[in-house]
Amino acid sequence: MNHRLLSSFFEHDVLEVAPQLLGKILVRKFDDGSIQKFLITEAEAYRGTEDLACHASKGRTARTEVMFGEGGRVYVYLIYGMYWMLNFVAGPEGDASAVLIRGLEGISGPGRVGKTLQLEKSFYGENLETSERIWLEDSGFSPDYSTSPRIGITYAGEPWISKPWRFVWKR
DNA sequence: GTAAGGATTGGC
DNA sequence: CCAATCCTTACT
């Protein structure tokens with residue numbers, strides 16, 4: 001029986017939390033009662049209001065509100081009118097950071113992650129410590145990983161474009 | 001109220 | 001290369 005990750009796991013700097021998520025188990029219990037588990041293989045860190053690539057840099061709005069709260073919450077948003085991006089809020093209350101889940105074992109791309117997990121707006125603000133439909137479990141190991149610049153954020157400009165805040169499981 | 005564009009993907 | 005498709009934000 002694996003141990004469910006608690007909010008305390010997320011209450012650290014997003015640059016520590018993001019790489020630690022690699023190799024963790026993402027559990028999704030669907031409406032029909034079936035359960036599927038996935039290993040997290042790729043994640044990106046978005047670090048607070050000063051990070052121009054982070055949505056929270058636009059200020060505290062209805063959309064970014066959850067990122068300003070405590071770690072361990074889910075932040076989802078629709079992109080290009082068709083893809084739900086899955087993020088986990090990191091850091092303490094007031095620190096608007098989050099980790100974007102870009103890939104799971106056998107699934108490449110954040111859009112496909114959201115599609116596979118059947119995410120939609122009701123997941124906004126979901127508490128990973130108490131949720132009955134999505135949570136994380138510790139797998140007991142930490143894979144080697146490589147870092148690289150984040151994808152699709154050229155609009156953020158330097159120095160944000162160059163930050164090596166994308167973490168990919170190296171196998 | 002209106003308009004622009006996006007942390008993407010898959011098809012041409 | 002570019003359309004799909006809709007929500008959030010910025011501006012009038």
Side-chain angles (χ1 to χ4, degrees), chain A residues 5 9-10 12-24 26 28 30 36 38-92 94-128 131 134 136 143 145-170:
Chain A
L5 295 185
F9 173 87
F10 299 92
H12 300 278
D13 190 305
V14 69
L15 295 181
E16 290 181 35
V17 177
Q20 286 176 14
L21 280 170
L22 300 178
K24 293 295 185 292
L26 174 60
R28 172 75 166 99
F30 296 96
Q36 280 189 43
F38 307 87
L39 285 175
I40 295 174
T41 59
E42 184 176 347
E44 278 180 2
Y46 287 87
R47 195 163 184 261
T49 53
E50 70 169 25
D51 176 3
L52 296 184
C54 180
H55 291 162
S57 66
K58 293 183 177 292
R60 196 163 184 149
T61 66
R63 183 204 206 188
T64 62
E65 179 65 29
V66 72
M67 276 195 281
F68 287 83
E70 59 182 1
R73 296 291 187 129
V74 172
Y75 166 44
V76 290
Y77 65 91
L78 186 68
I79 190 71
Y80 302 125
M82 54 178 82
Y83 298 110
W84 286 98
M85 301 285 109
L86 173 64
N87 302 252
F88 300 139
V89 177
D95 175 83
S97 298
V99 180
L100 168 67
I101 302 304
R102 288 192 64 86
L104 302 174
E105 187 172 46
I107 301 169
S108 298
R112 297 189 63 198
V113 167
K115 183 180 178 185
T116 298
L117 298 176
Q118 295 177 28
L119 301 179
E120 27 73 28
K121 59 180 177 292
S122 75
F123 281 82
Y124 184 91
E126 192 88 354
N127 188 328
L128 292 168
S131 176
I134 186 169
L136 290 160
Y145 63 87
S146 57
T147 62
S148 53
R150 294 171 291 179
I151 303 299
I153 58 157
T154 53
Y155 65 85
E158 294 292 357
W160 313 110
I161 283 180
S162 302
K163 298 287 187 185
W165 291 352
R166 178 187 182 204
F167 305 90
V168 184
W169 183 337
K170 190 197 298 179

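These values consider heavy atoms only, across backbone and side chains, with no hydrogens, waters or symmetry-generated copies.
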Glu158(A) CD: over 12 foreign heavy atoms closer than 6.0 Å: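 Atom CD in Glu158(A) is crowded, with more than 12 foreign heavy atoms closer than 6.0 Å.
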Aromatic ring pairing Trp160(A)/Trp165(A), orientation class (parallel under 30°, perpendicular over 60°, tilted between):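 Answer is tilted, since the angle falls between 30° and 60°.
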Stems involving DNA chain B, each a run of at least 3 consecutive Watson-Crick or G-U pairs under 3.5 Å: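 If one scans DNA chain B for consecutive Watson-Crick or G-U pairs, the stems found are B:1-6 with C:6-11, B:8-11 with C:1-4.
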Salt-bridge present (Glu126(A), Arg73(A); N to O < 4.0 Å):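 No salt bridge links Glu126(A) with Arg73(A).
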Expected output: side-chain Ser131(A) to main-chain Leu128(A) donor-acceptor under 3.5 Å: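 Checking the backbone N and O of Leu128(A) against the side chain of Ser131(A), no donor-acceptor pair under 3.5 Å is found.
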Thr147(A)/Phe167(A) under side-chain contact (heavy atoms from CB on, under 4.5 Å): CA gap, chis, key distance, verdict: CA-CA 5 Å; Thr147(A) 62; Phe167(A) 305 90; 3.6 Å; yes
Ile40(A) side chain near Leu104(A) side chain, heavy-atom distance below 4.5 Å: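 Yes, side chains in contact.
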Let's see if you get this right: which residues in [range] place a heavy atom under 4.0 Å from DNA chain C?
{"range": "residues 52-65 of chain A", "answer": "Thr61(A), Arg63(A)"}
{"range": "residues 68-90 of chain A", "answer": "Leu78(A), Tyr80(A), Gly81(A), Met82(A)"}
{"range": "residues 99-115 of chain A", "answer": "none"}

First and last nucleotide of DNA chain B, 5' to 3', lying under 4.0 Å from heavy atoms of chain A: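 Result: dG6(B) to dG10(B).
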Spacing of the C1' atoms in dC2(C) and dG5(B) (rounded, Å):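 15 Å, rounded to whole Å.
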Ile101(A)/Phe38(A) under side-chain contact (heavy atoms from CB on, under 4.5 Å): CA gap, chis, key distance, verdict: CA-CA 12 Å; Ile101(A) 302 304; Phe38(A) 307 87; over 6 Å; no
Side chain to side chain donor-acceptor pair (under 3.5 Å) involving Glu120(A) - partner list, sequence neighbours excluded: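 Expected list: Ser122(A).
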